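Below is one structure, written out as structure tokens; comments come after it.
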Amino acid sequence: MLYYIDIQVLPDLETSAAVLMNNLFAKLHRQIATVGNGAVGISFPNVHKTLGDTLRLHGSQIALEQMMANTWLKGLRDYTRVTTITEIPSDIKGYQTVKRVQTKSANNKRKRSIAKGWIGVDEAIHAIPDTAERKLTLPYVQIQSLSNQNVMRVFIEHSQVVSAATDGIFSSYGLSATATIPVF
């Protein structure tokens, strides 16, 4: 992870930063799935309650060149500012993981328990009430699944900054629970 590219979304009166980030993330996901090979990670350097307006790609110079070789940003060029491939500064704050966090709804837990034969329908309603559902407050992007067309939220968590890097593979979202990216 010696290089990075920042892609900043530029909202206007008609399109918010969140909508543009959703569109950017969906296109990025398809591109990483095609050419990323687990070597490109992402982060959101301006993350707070939302993911902010900047998506940062991390990787080797070759991996980032391969990512940017195609026209995957088509349709978003007027709404984004893309930096050149830049070397990571030497005075970084440390390293962190950027991972996807998922939770199952109470309804899904009931359906699974019934399907597995662990409990019956009536028992499932009492054993797994709607109040047992864990609500996530993490920032997220909302994208449409290509396989079933459902709209889904991808909740993203940036870990605490640590001093040592950990190598690993990134998912087709550019996320990993174990591989770290530099923070600067």
Side-chain angles (χ1 to χ4, degrees), residues 1 4-11 15-33 36 38-59 67 72-73 76 79-83 88 92-113 128-184:
M1 298 279 145
Y4 73 98
I5 298 171
D6 280 346
I7 304 173
Q8 181 184 18
V9 295
L10 306 170
T15 313
S16 70
V19 168
L20 290 171
M21 187 60 75
N22 291 343
N23 291 340
L24 173 62
F25 190 84
K27 287 179 177 271
L28 173 73
H29 168 53
R30 288 190 289 276
Q31 181 67 0
I32 288 179
V40 176
I42 68 167
S43 67
F44 298 87
N46 301 328
V47 67
H48 293 291
K49 289 184 179 181
T50 67
L51 293 172
D53 66 350
T54 304
L55 186 148
R56 182 171 286 162
L57 303 176
H58 301 264
M67 280 292 298
W72 65 275
L73 280 172
L76 284 177
Y79 299 98
T80 56
R81 182 179 303 130
V82 182
T83 65
I88 290 174
I92 64 171
K93 297 174 186 173
Y95 301 89
Q96 70 183 171
T97 59
V98 181
K99 68 179 183 176
R100 180 179 183 185
V101 177
Q102 294 177 277
T103 184
K104 297 278 187 211
S105 70
N107 188 43
N108 285 348
K109 289 178 184 178
R110 284 191 290 266
K111 284 181 182 178
R112 183 166 194 259
S113 295
I128 308 169
D130 287 340
T131 56
E133 193 170 309
R134 187 176 128 216
K135 298 285 185 195
L136 294 175
T137 58
L138 295 169
Y140 61 89
V141 288
Q142 189 165 294
I143 60 174
Q144 187 173 18
S145 169
L146 294 175
S147 61
N148 61 19
Q149 304 307 308
N150 289 342
V151 174
M152 62 184 201
R153 291 181 176 175
V154 178
F155 290 91
I156 298 174
E157 179 180 70
H158 288 68
S159 72
Q160 294 295 319
V161 176
V162 296
S163 60
T166 304
D167 288 335
I169 306 235
F170 295 92
S171 72
S172 63
Y173 291 119
L175 304 170
S176 175
T178 56
T180 57
I181 51 98
V183 179
F184 51 96

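Just so you know, these numbers come straight off a predicted model, no measurement behind them. Numbering of residues begins at 1 and proceeds along the displayed sequence.
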Practice task
For the pair I156 and V154, evaluate side chain to side chain contact (heavy atoms under 4.5 Å, CB included) and give the outcome as yes or no after the intermediate values.
Solution key: CA-CA 6 Å; I156 298 174; V154 178; 4.2 Å; yes
Separation of [Y] [atom2] from [X] [atom1] (nearest 0.5 Å):
X	Y	atom1	atom2	answer
L10	T15	CG	OG1	11.5 Å
L175	K99	CG	NZ	11.0 Å
R56	I181	CZ	CD1	8.0 Å
I5	L55	CD1	CG	10.5 Å
S43	L57	OG	CG	8.5 Å

Exercise for the section: Assess whether atom CG of D167 is packed by more than 12 heavy atoms of other residues, nucleotides or ligands within 6.0 Å. Expected result: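 Counting other residues, nucleotides and ligands, CG of D167 stays at 12 neighbours or fewer.
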Exercise for the section: Determine whether more than 12 heavy atoms belonging to other residues, nucleotides or ligands lie under 6.0 Å from atom CD1 of I169. Expected result: no
Report yes if some heavy atom in the side chain of [X] is under 4.5 Å from a heavy atom in the side chain of [Y]; otherwise report no.
X	Y	value
F25	I42	yes
L73	L24	yes
I7	L28	no

Handout entry: Pair D6-R81, side chain to side chain contact (heavy atoms under 4.5 Å, CB included): steps then yes or no
Key = CA-CA 8 Å; D6 280 346; R81 182 179 303 130; over 6 Å; no
Search all heavy atoms of [X] against all heavy atoms of [Y] and return the closest pair with its distance.
X	Y	result
R153	R100	O-NH2, 4.1 Å
E157	L138	CB-CD1, 3.9 Å
P182	I92	CB-CD1, 4.1 Å
W72	K27	O-CD, 3.4 Å
A17	P11	N-CB, 3.5 Å
I143	A26	CG2-CB, 3.9 Å

Exercise for the section: Please report the C-alpha distance between F44 and H158 in whole Å, then the side-chain angles of each, then the deciding distance to 0.1 Å, and finally whether the side chain to side chain contact (heavy atoms under 4.5 Å, CB included) criterion is met. Expected result: CA-CA 8 Å; F44 298 87; H158 288 68; 3.8 Å; yes
Practice task
Please identify each residue that fulfils ring-ring contact (aromatic ring centres under 6.0 Å, His included) with Y79, with sequence neighbours left out.
Solution key: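 ring-ring contact (aromatic ring centres under 6.0 Å, His included) list for Y79, sorted by chain: empty.
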Problem - ring-ring contact (aromatic ring centres under 6.0 Å, His included) involving F170 - partner list, sequence neighbours excluded - result: none
Which residues satisfy the side chain to side chain donor-acceptor pair (under 3.5 Å) test with [X], sequence neighbours excluded?
X	answer
Q96	none
T97	S159
N22	none
S171	none

Problem - Under 3.5 Å donor-acceptor, S176 side chain and T178 backbone - result: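 The answer is yes, because a donor-acceptor pair under 3.5 Å joins these two groups.
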Problem - N/O donor-acceptor pair under 3.5 Å between T166 side chain and T180 backbone - result: no
Problem - Geometric class of the Y173/H29 ring pair [parallel <30°, tilted 30-60°, perpendicular >60°] - result: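 Parallel: the ring planes of H29 and Y173 meet at under 30°.
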